[in-house]
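Here is the structure we will look at.
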2 protein chains.
Amino acid sequence: MLEPVTLAQVAREAGVSPSTVSRILNGTANVAPDKRVRVEAVIARLNFRPNPQAQALAGGRSLSIGVVTPSLHSTFYGEALTGIEAALNDTPYHPIVISGQWRTEREQEALNVLLARRVDAVILLGGILDDEVLRPLAQRVPMIAVGREVQGLSDSCIVMDNALGMRLIAGHLLDLGHREFAYISGAERQSDAVERKNAFLGCLQDAGLSIHPDLIQVGQYLEDGGQQAAQRLLDTGRPFTALVCANDQMALGARLTLYRAGLRVPDDVSLTGFDDVVTSRLMTPPLTTVRQAIYDIGVSAAQEALKLLDGQPAQRHVFTPELVIRESTAPPRSRP
Amino acid sequence: MLEPVTLAQVAREAGVSPSTVSRILNGTANVAPDKRVRVEAVIARLNFRPNPQAQALAGGRSLSIGVVTPSLHSTFYGEALTGIEAALNDTPYHPIVISGQWRTEREQEALNVLLARRVDAVILLGGILDDEVLRPLAQRVPMIAVGREVQGLSDSCIVMDNALGMRLIAGHLLDLGHREFAYISGAERQSDAVERKNAFLGCLQDAGLSIHPDLIQVGQYLEDGGQQAAQRLLDTGRPFTALVCANDQMALGARLTLYRAGLRVPDDVSLTGFDDVVTSRLMTPPLTTVRQAIYDIGVSAAQEALKLLDGQPAQRHVFTPELVIRESTAPPRSRP
DNA sequence: CTGAAAGCGCTAACAG
DNA sequence: CTGTTAGCGCTTTCAG
C-alpha cells in the first residue's frame with residue numbers, strides 16, 4: 001500500500017534541512033529563492049503532501065473545524081454544509097460534520113466527539129442545545145452559532161431577521177385579502193421558531209385580527225410534523241383561507257394533508273413556507289416563501305470561524321430575508 | 001482555553017507507566033486488575049480522551065474513513081451519509097465527507113484531499129470517476145464503491161439491482177395498460193443510469209412495444225435536468241401516457257413541467273421515479289417509485305469498509321429494490 | 001504483566 | 001536566511 005512521502009525525504013532530496021521545507025510549506029519565513037525552487041520541484045515530483053496528523057500534533061492545531069448539524073439529509077442544512085465546505089476549500093482547514101438527529105443527547109455527544117478530536121473551532125447549525133451548555137463551551141473552543149441566538153454570545157451568532165421574514169409573509173397574505181389564518185409553528189425550544197410565531201401573531205394583532213389557539217399547531221420543523229399539524233388544523237373544523245408554516249419542510253408535509261383532504265392550493269387555501277429550500281420551487285404548486293440565503297449563511301459561518309481562529313473577534317451577521325411569491329398563494333375565494 | 005488532559009498525566013496520577021494506560025485504552029495486553037481499576041478511575045475523573053492526532057501518528061492509522069459524495073444537499077446521498085455515520089458511531093472511526101459537486105475534477109480532488117489526510121479507507125457514493133482511476137486507487141487504500149460498478153473490483157461494490165427495479169416499474173405501468181411511454185434518463189457515464197435505461201428498453205421490447213428516440217431524454221439525475229427534459233419531451237409533440245424517470249429527483253422536476261403544462265398526474269400522464277427518496281411520498285400526488293434502502297446501503301458500506309480495515313475481504317452486496325405504488329400512476333385515459 | 005525507550009512526521013524556538 | 005534541537009501525545013518493541 002505504498003508508503004507516503006515524508007517531509008524528511010523531501011528535505012534530503014532537495015539537500016536542505018527539514019525546517020526549510022516546513023518554512024516553505026507554511027510561509028513561516030523567507031527562504032532563498034534557489035532553495036525554494038529546488039524544494040518546490042522535489043515536492044511536485046514526489047507529489048508530497050504533509051501528513052495532517054503530524055502537523056496537528058506538532059502545531060497544536062488539528063486544522064479541522066467541527067460542524068454540528070441536526071441532520072445530514074436535510075435540504076436546508078445540507079445547503080449550509082455545502083457553503084461551509086466551499087468556504088473552507090481554499091484554507092488548510094476542513095470540516096468534520098456530525099449530526100445531532102434533533103436529539104439533545106446526540107447533539108451533546110457530537111460536541112464531545114468533536115472536542116475529543118481537538119477541532120480548532122466549532123460551527124453549530126441550528127440545534128436545540130441550551131444556551132447554558134453553549135456558553136461554557138465557547139470558553140473552551142472558538143464557536144459560531146448559525147440560525148439561533150445564544151444569550152451572551154451574540155457576536156458569534158449568524159442569524160436571519162425572522163421577524164421581518166414573517167412580516168413579509170403576513171403582509172403578502174393580508175394584501176391578498178386573507179383574514180382567516182392557520183399557523184404551523186416550529187418547536188418552542190427553538191428561538192427562531194418563537195421569533196417567527198411572535199412576529200406572525202404581532203402582524204395579526206396590528207391588522208386587528210385574531211386567531212383561535214386551536215389554529216396554531218406545532219410541527220417540529222419537519223415534514224411529518226407539518227403533515228400531522230395540518231391534519232389537526234383541519235380536524236378543528238374551524239375555517240381558514242391561508243395556512244402559514246414556519247418553514248418549508250412543514251409546508252411540504254402540510255401540502256400532502258391538504259391534497260388528501262381534497263383542498264386545492266391556492267384555490268381553496270393559500271400555503272406559505274419559510275426558508276426557500278431548493279425543492280420548494282418544485283412543489284405543486286411552487287411555494288410562496290421567504291428566502292434565506294442559506295448557502296451564503298454557511299459561507300459566512302465558515303469565514304467567521306476562520307476569523308476567530310485568526311485571533312480576530314467574530315462579527316454578528318443578520319441576514320435579511322426576501323419574499324418569494326410563487327403560485328401557492330392567491331386571494332381567498334369568496335365564501336360559498 | 002483549558003489544556004486537555006494527556007495520557008501521561010493519567011499515568012502519573014494512577015502511578016503507572018504510560019504504556020500501561022495505553023494498553024488499557026486499546027486492550028493491547030492484559031493488565032493487572034488493580035491497576036486497571038485505578039487507571040480507569042483516573043480516566044473517568046479527569047475525563048480523559050486520547051488525542052486522535054497523536055494516536056494516528058503513533059499508530060499509523062488516522063481512524064478516519066473518507067467519504068466522497070456527489071452532493072451534501074441531496075436527499076438521496078444524505079440518507080446514505082446518515083447510514084454511514086450511524087454505522088461508524090460505535091467504532092473508533094469517523095467519517096470525513098467531501099462532496100464532488102458532480103464534477104470529475106472536484107471528485108478527483110476530493111479523493112486527493114482524503115488521501116492527503118491519510119484516511120484509512122474510502123467510501124465512494126455514486127460518482128462519475130472512471131474505473132481506470134479507481135482501480136489503482138484501490139491498491140493504495142481500502143475502498144468501497146456504492147451504487148456503481150467498478151470493473152475488476154466487484155467485491156468492493158455495493159449496488160442495487162437496477163434492472164429488477166426498472167422491470168418492476170415497467171411491469172406496473174404495463175399492467176395498468178400503458179403503451180405509450182416517455183423516458184428521462186440519467187447521464188450515460190453513470191453505470192446505473194445505463195442499467196436502468198437498458199432494462200426499461202428491454203421491457204418494452206419484450207412487450208412488443210417501441211419508443212421513439214425523441215421520447216428518451218437525459219436529465220443528469222437532477223431536478224433541473226428532469227424539469228428541462230420533460231419540457232423537451234412535451235415539445236416533441238409526440239403522445240405518451242406514462243413518463244418514467246430514472247430517479248425521483250428528476251421526477252420531481254418533471255412534475256413541475258407537467259404542472260406548468262396543465263397536465264394532471266396521474267389523470268393525464270402517469271409519473272414514476274426511482275429511489276424512493278424521503279420527499280417522494282410528499283409529492284403531489286405522492287410518487288410511485290421503487291425503493292432503495294439507501295440508509296441500509298450506507299450502513300453496509302461502512303461495515304464493509306470496517307471489514308477491509310480488519311484485514312477481511314470485502315463482500316459484494318446487491319440490494320433488492322421494492323415497488324412502491326402510490327398515487328402518481330393510474331390507467332391511461334382513453335384517448336379523446 | 002509492566003516500565004523504559006524509541007519513534008510516528010512535523011513545527012518551532014534557538015542559535016548562528 | 002537556515003540548520004539543529006526538542007518536543008507534540010501516543011503506540012510499540014524490547015527487556016525484565
Side-chain angles (χ1 to χ4, degrees), chain A residues 1-40 42-43 46-64 92-93 115-120 309, chain B residues 1-40 42-43 46-64 92-93 115-120 309:
Chain A
M1 290 230 164
L2 203 81
E3 287 312 296
V5 188
T6 71
L7 179 144
Q9 286 172 44
V10 173
R12 207 173 314 124
E13 299 242 348
V16 299
S17 77
S19 350
T20 301
V21 179
S22 171
R23 285 192 265 258
I24 292 176
L25 240 36
N26 304 293
T28 319
N30 277 336
V31 170
D34 59 318
K35 298 199 176 179
R36 146 167 271 116
V37 171
R38 236 187 314 148
V39 170
E40 278 168 351
V42 178
I43 289 180
L46 266 40
N47 189 23
F48 165 72
R49 300 237 200 177
N51 180 326
Q53 274 83 39
Q55 286 184 304
L57 193 55
R61 323 170 298 169
S62 67
L63 297 179
S64 61
Y93 292 91
L115 289 181
R117 296 209 87 90
R118 310 294 200 272
V119 294
D120 297 323
L309 289 173
Chain B
M1 289 228 166
L2 202 83
E3 287 314 296
V5 188
T6 70
L7 179 144
Q9 285 172 46
V10 174
R12 207 174 314 123
E13 298 243 348
V16 299
S17 76
S19 348
T20 301
V21 178
S22 170
R23 285 192 264 259
I24 292 176
L25 239 37
N26 304 292
T28 319
N30 275 336
V31 169
D34 59 317
K35 297 200 177 180
R36 145 166 271 119
V37 171
R38 236 185 315 145
V39 170
E40 279 170 349
V42 178
I43 289 180
L46 266 39
N47 190 22
F48 165 71
R49 300 236 202 177
N51 180 326
Q53 274 84 38
Q55 286 183 303
L57 192 54
R61 321 171 300 168
S62 67
L63 297 180
S64 62
Y93 292 91
L115 290 181
R117 296 209 87 90
R118 309 292 199 273
V119 294
D120 297 323
L309 290 173

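So you know, we letter chains A, B, ... as the sequences are listed, proteins then strands, and number each from 1. Note that the structure is predicted; figures quoted are calculated from it, not measured.
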For this session: Take the C1' atoms of the five end pairs on each side of the helix from C/dC1-D/dG16 to C/dG16-D/dC1, get both axes, and report the angle to 10 degrees.
Result: 40°

For atom [atom1] of [X] and atom [atom2] of [N], their distance in whole Å:
X     : N      : atom1 : atom2 : answer
A/Q9  : C/dC10 : CD    : C1'   : 13 Å
B/R23 : C/dC1  : CZ    : C1'   : 8 Å
A/K35 : D/dC1  : NZ    : C1'   : 8 Å
A/Q53 : C/dG7  : CD    : C1'   : 16 Å
A/L7  : C/dG9  : CG    : P     : 11 Å
A/L63 : C/dC10 : CG    : P     : 13 Å
A/R38 : D/dG3  : CZ    : P     : 9 Å
A/N26 : C/dG9  : CG    : P     : 17 Å

Problem set entry | Contacting residues from residues 14-21 of chain A, given that a heavy atom lies under 4.0 angstrom of DNA chain C | A/S19

Problem set entry | Heavy-atom donor-acceptor pair, B/R118 side-chain to C/dG9 base, under 3.5 Å | no

Exercise. Taking the nucleotide of DNA chain C with the closest heavy atom to each, which residue, A/N51 or B/A32, is nearer the 5' end?
Worked result: B/A32

Exercise. Side chains of A/N51 and A/T6: closer than 4.5 Å at any heavy-atom pair?
Worked result: no

Nearest-0.5 Å distance that lies between atom [atom1] in [X] and atom [atom2] in [Y]:
X     : Y      : atom1 : atom2 : value
B/L46 : B/L7   : CG    : CG    : 11.5 Å
B/R49 : A/R118 : CZ    : CZ    : 9.5 Å
B/Y93 : B/R61  : OH    : CZ    : 4.5 Å
B/S19 : B/I24  : OG    : CD1   : 11.0 Å
B/R23 : B/S17  : CZ    : OG    : 6.0 Å
B/Q53 : B/S62  : CD    : OG    : 10.0 Å

Seminar exercise, completed: With the side chain defined as heavy atoms from C-beta on, A/S22 is closest, among C/dT11, D/dG9, D/dT2, to C/dT11

Seminar exercise, completed: Closest to the side chain of B/T28, out of D/dT12, C/dC10, D/dT11, is D/dT12

For this session: Only counting residues at least two apart or in another chain, list the ones meeting side-chain hydrogen bond (donor to acceptor under 3.5 Å, both in side chains) with A/T28.
Result: none

For this session: Apply side-chain hydrogen bond (donor to acceptor under 3.5 Å, both in side chains) to B/R117 and list each qualifying residue two or more places apart in sequence or on a separate chain.
Result: A/H94

For this session: Would you tell me if any nitrogen or oxygen in the side chain of B/Q55 comes within less than 4.0 Å of OP1 or OP2 on D/dC10?
Result: no

Exercise. Is the shortest side-chain N/O distance from A/N30 to OP1 or OP2 of D/dC1 below 4.0 Å?
Worked result: yes

Please write out each protein N/O paired with an N/O of nucleotides 6-8 of chain D under 3.5 Å, distance rounded to 0.1 Å.
unit_1: D/dC8; atom_1: O2; unit_2: A/L57; atom_2: O; d: 3.3
unit_1: D/dC8; atom_1: O2; unit_2: A/A58; atom_2: N; d: 3.0

Problem set entry | Exercise: identify the closest heavy-atom pair between B/P4 and B/Q9 | O-NE2, 4.0 Å

Problem set entry | side chain to side chain contact (heavy atoms under 4.5 Å, CB included) partners of B/N47, counting only residues at least two apart | none

Exercise. Can you name the one residue among A/T20, A/V21, A/L25, A/V16 that meets side-chain contact (heavy atoms from CB on, under 4.5 Å) with A/V10?
Worked result: A/V21

